Amino acid sequence: MYKRVKGTKDILPPESSLWQAIEEKTRKVFARYCFYELRTPILEPYELFVRSVGEGSDIVLKEMYELVDKKGRRLVLRPEGTASVARAVIENGLLNTLPLKLYYLGPFFRYERPQKGRFRQFHQIGAEVIGDNSLEGEVELVDLLLSVLKEVGLDDLRVVVNSLGDVNERIEYTNALREYLAAYESKLSKDSRERLSRNPLRILDSKDPVDIKILEKAPSILDYLDKNSINRLEQLIFYLSSMGWKVESDPRLVRGIDYYTGLVFEVLACGDLSIAGGGRYDNLIEELGGKQTPAVGFAIGMERVVDLVDKNIIDEDSAKAVLVAFSDVPRMEVFDLLATLRNFIPTEVAPSYKSIGKAIKWASRRNAKFVIILGEQELSERTVKVKILDSGSQYTLKREELGAFFGGYYEKNMDRNAR
RNA sequence: GUGGGCGUAGCUCAAGUGGUAGAGCACUGGACUGUGGCUCCAGCUGUUGAGGGUUCGAGUCCCUUCGCCCACCCCA
């Protein structure tokens, strides 16, 4: 027996409907903000992520699915979206039409130990604003992020923001922090000790109680940011709060990907579950060979959203019909009637049972709203019987009358699918 | 990579200290042969995740292995 590979998932009905609903709703919000979809390949060159995410990052060091193709090219299954967007934007010459407001949605891959809300093949919804370094742009992006989450039915949302400053500010702060922590080196947790030389900022994220105690008196990034950076962060908080969002600043918020500069943020739902994150990356595009171009973006973890979302955002099961045809009805008549019915309502045929009762039972188990009965009698009269399962009432209709009968349902259901 | 929990029918789960693998749901048929939901009756479903060991005898004890879940790490 074959099994799905570790960390992957089959999304079955009815859960797949939930995924569809979330995707549809987010696309609608993106459209309202005039963001357009960019679809990039799942396969990317290995080097792209070494350059962008950072060669010392965990993602590159141990989490990428790498493969070598038949010509010896070193490829990876994309572990995140921003680098691909940057690559595509540069490669297709879109830097001449700034600003760009793009979104994407799809599978990503990281070789990690699976756990709640985390898979090896996971799905992100992301957006990037490229070629805009304004405060307004940041406000809009975070507002967009929260609007998407709200649209899919998430309510208890909170966004935490911080600034990592520019390159110089960050280096200065990193040094100060390292110096402070070095004094406590022997008391720090094992993980934190390892990070002390490589990436002391990450220690700020530690959940070890002793570390947290030590960090209480550690220097704050806020002391190393210039007035403009701080001002800007405060304004961002002000505007977003005025829009009704819950925003707070946390000088300890850092992100694990190297390309972030300036603003970083994270969205927490239902208390402290992190479901989305992002930030500004003003140097990435230049780093990847484009001209210097500022940019901000975010990514939402689909699996985490699916976990939290109220399952009943799925549109109530759209009405459908089951055709029950007696076994002596010529098959061509059955196909013909099916085709007619399907112009008006989603329809499937019941398997042939000995008794019509079984067939109706089958239909009701399948949640059909209507049962269409076609037997010898109906055949000779060119009619069908339409039974409404909820009420049990039944009508004899001529075939030409079917359209009118299902007209109301047609508009309600087909319309929705078309959208 | 580290630590913990768990693998028994399609699903949810039983099976005191080792002693004939079971129930509910689901499914199929019948009571009811052109009209569902209720009820009753009958039937179907298994290398107990896999491999090895101890034993007269292992779902149960021991070892190995695989898988799933959870936490850490990291991140969405």
Side-chain angles (χ1 to χ4, degrees), chain A residues 1-9 12 53-54 56-64 79-82 104-127 145 149 189-192 194-195 199 202-203 205-208 254-257 260 264-269 273-279 297-308 322 324-329 350-351 353-379 385-394:
Chain A
M1 178 105 94
Y2 293 106
K3 310 190 77 173
R4 72 180 97 88
V5 335
K6 191 186 180 79
T8 64
K9 198 181 165 188
L12 316 168
V53 176
S57 67
D58 282 15
I59 291 181
V60 168
L61 243 31
K62 47 190 193 193
E63 294 178 359
M64 289 206 292
E80 62 106 39
T82 302
Y104 59 86
L105 177 163
F108 294 85
F109 303 83
R110 285 183 207 169
Y111 191 85
E112 296 180 277
R113 238 355 209 280
Q115 58 183 274
K116 193 171 182 60
R118 195 173 64 198
F119 296 86
R120 287 184 173 179
Q121 175 175 340
F122 58 103
H123 298 77
Q124 289 191 337
I125 299 169
L145 166 57
L149 294 172
S189 67
K190 192 169 134 277
D191 289 324
S192 293
E194 278 166 17
R195 276 177 295 198
N199 194 351
R202 296 229 51 87
I203 299 178
D205 251 359
S206 174
K207 280 159 199 145
D208 182 276
V254 288
R255 318 236 85 227
I257 297 179
Y260 285 117
V264 290
F265 54 86
E266 189 171 309
V267 177
L268 308 174
L273 295 163
S274 167
I275 57 172
F298 68 71
I300 300 170
M302 268 287 260
E303 281 78 3
R304 294 173 186 191
V305 171
V306 169
D307 271 353
L308 296 176
V322 164
V324 173
F326 283 75
S327 51
D328 51 1
V329 172
Y353 281 99
K354 261 193 196 149
S355 85
I356 184 171
K358 297 282 182 197
I360 291 174
K361 188 172 180 177
W362 186 86
S364 89
R365 264 202 321 262
R366 300 218 118 207
N367 276 321
K369 193 164 181 74
F370 304 100
V371 172
I372 317 296
I373 298 166
L374 179 65
E376 219 173 335
Q377 193 185 321
E378 290 80 12
L379 201 57
K385 294 234 161 59
V386 177
K387 186 184 182 69
I388 300 176
L389 284 177
D390 294 341
S391 61
S393 48
Q394 183 168 307

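Proteins come first, then strands; the chains are lettered A, B, ... in the order of their sequence lines, and each starts at number 1. Note that the structure is predicted; figures quoted are calculated from it, not measured.
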- request: Describe the nucleic acid contact of A:G126 in one word from base, sugar-phosphate, nothing, applying a heavy-atom distance below 4.0 Å.
  value: nothing

field: B:G59 to B:G49 separation - P atoms, rounded to the nearest Å
entry: 10 Å

Closest non-hydrogen atom pair between A:P79 and A:R110, with its separation: O-NE, 2.8 Å

field: A:F108 CZ - B:A76 C1' separation (whole Å)
entry: 10 Å

task: Using the criterion of both pairing distances under 3.5 Å for Watson-Crick and G-U wobble pairs, give all stems of 3 or more consecutive pairs involving RNA chain B.
output: B:1-7 with B:66-72, B:10-13 with B:22-25, B:27-31 with B:39-43, B:49-53 with B:61-65

- prompt: Could you state the CD-P distance from A:E63 to B:C72, rounded to the nearest angstrom?
  reply: 15 Å

query: When rounded to the nearest Å, what value does the distance between C1' atoms of B:G7 and B:A50 take?
result: 11 Å

statement: Judged by nearest nucleotide, the residue sitting upstream toward the 5' end of RNA chain B, A:P114 or A:F122, is A:P114

- request: Output yes when at least one side-chain N/O atom of A:Y353 is less than 4.0 Å from OP1 or OP2 of B:U28, else no.
  value: yes

message: Expressed as a whole number of angstroms, how long is the span from A:Q115:CD to B:G4:P?
response: 16 Å

- request: With heavy atoms under 4.0 Å as the rule, sort A:R118 into base, sugar-phosphate or nothing.
  value: base

field: Nearest-Å distance once atom P is located in both B:G37 and B:C27
entry: 12 Å

field: Distance in angstrom units between A:M302 CE and B:A76 C1', rounded
entry: 12 Å

message: A:F122: which residues meet the ring pair (Phe, Tyr, Trp, His ring centres under 6.0 Å) condition with it, sequence neighbours left out?
response: none

- prompt: What residues form a side-chain hydrogen bond (donor to acceptor under 3.5 Å, both in side chains) with A:S355, not counting sequence neighbours?
  reply: none

- request: Would you please confirm or rule out a distance under 4.0 Å between OP1 or OP2 of B:A76 and any side-chain N or O of A:Q124?
  value: no

Contact under 4.0 Å: A:R4 side-chain N or O vs B:G67 OP1/OP2: no

message: Between the side chains of A:E303 and A:R118, is the shortest nitrogen-to-carboxylate-oxygen separation below 4.0 Å, so that they form an ion pair?
response: no

field: Residue list, ring pair (Phe, Tyr, Trp, His ring centres under 6.0 Å) with A:F265, at least two apart or on another chain
entry: none

message: Quick check for you: to the nearest 0.5 Å, what is the distance between A:K387 atom NZ and A:I356 atom CD1?
response: 9.0 Å

task: Whole angstrom is fine here: how far is it from CZ in A:R113 over to P in B:C69?
output: 11 Å

task: Write down the distance separating the P atoms in B:G29 and B:C44, rounded off to the nearest Å.
output: 15 Å

query: C1' atom, B:A21 versus B:U60: distance in rounded Å?
result: 12 Å

Whole-Å gap separating P (B:A71) and NZ (A:K116): 7 Å

query: If the sugar-phosphate is the primed atoms plus P, OP1 and OP2 and the base is the rest, what is the B/S/- string for nucleotides 33-51 of chain B, using protein heavy atoms under 4.0 Å?
result: -BBBB--------------

query: Does the side chain of A:P351 come within less than 4.5 Å of A:W362's, by heavy atoms?
result: yes

- prompt: B:C75 C1' sits how many Å from A:I300 CD1, rounded?
  reply: 15 Å

query: On a whole-Å scale, what distance lies between the P atoms belonging to B:U45 and B:C66?
result: 33 Å

message: Between A:R120 (side chain only) and A:P114 (backbone N and O only), is there a donor and an acceptor less than 3.5 Å apart?
response: no

field: Those residues that, when tested against A:E80, pass side-chain hydrogen bond (donor to acceptor under 3.5 Å, both in side chains) (two or more places apart)
entry: A:Y259

message: Say we look at B:U28 and B:U47: how far apart would their C1' atoms be, to the nearest angstrom?
response: 25 Å

query: Quick one: the side chain of A:R304 and the base of B:C75, do they pair up donor-acceptor inside 3.5 Å?
result: yes

A:K6 NZ to A:R113 CZ distance, which is reported to the nearest 0.5 Å: 6.0 Å

- line: For A:T82 and A:Y104 the tightest heavy-atom approach is N-OH, 4.1 Å

field: Euclidean distance, atom CG of residue A:L145 to atom P of B:A76 [Å, nearest integer]
entry: 12 Å

message: In whole Å, measure the gap between the C1' atoms of B:A76 and B:G53 for me.
response: 46 Å

statement: By nearest-nucleotide position on RNA chain B, the 5'-leaning member of A:R365 and A:E266 is A:R365

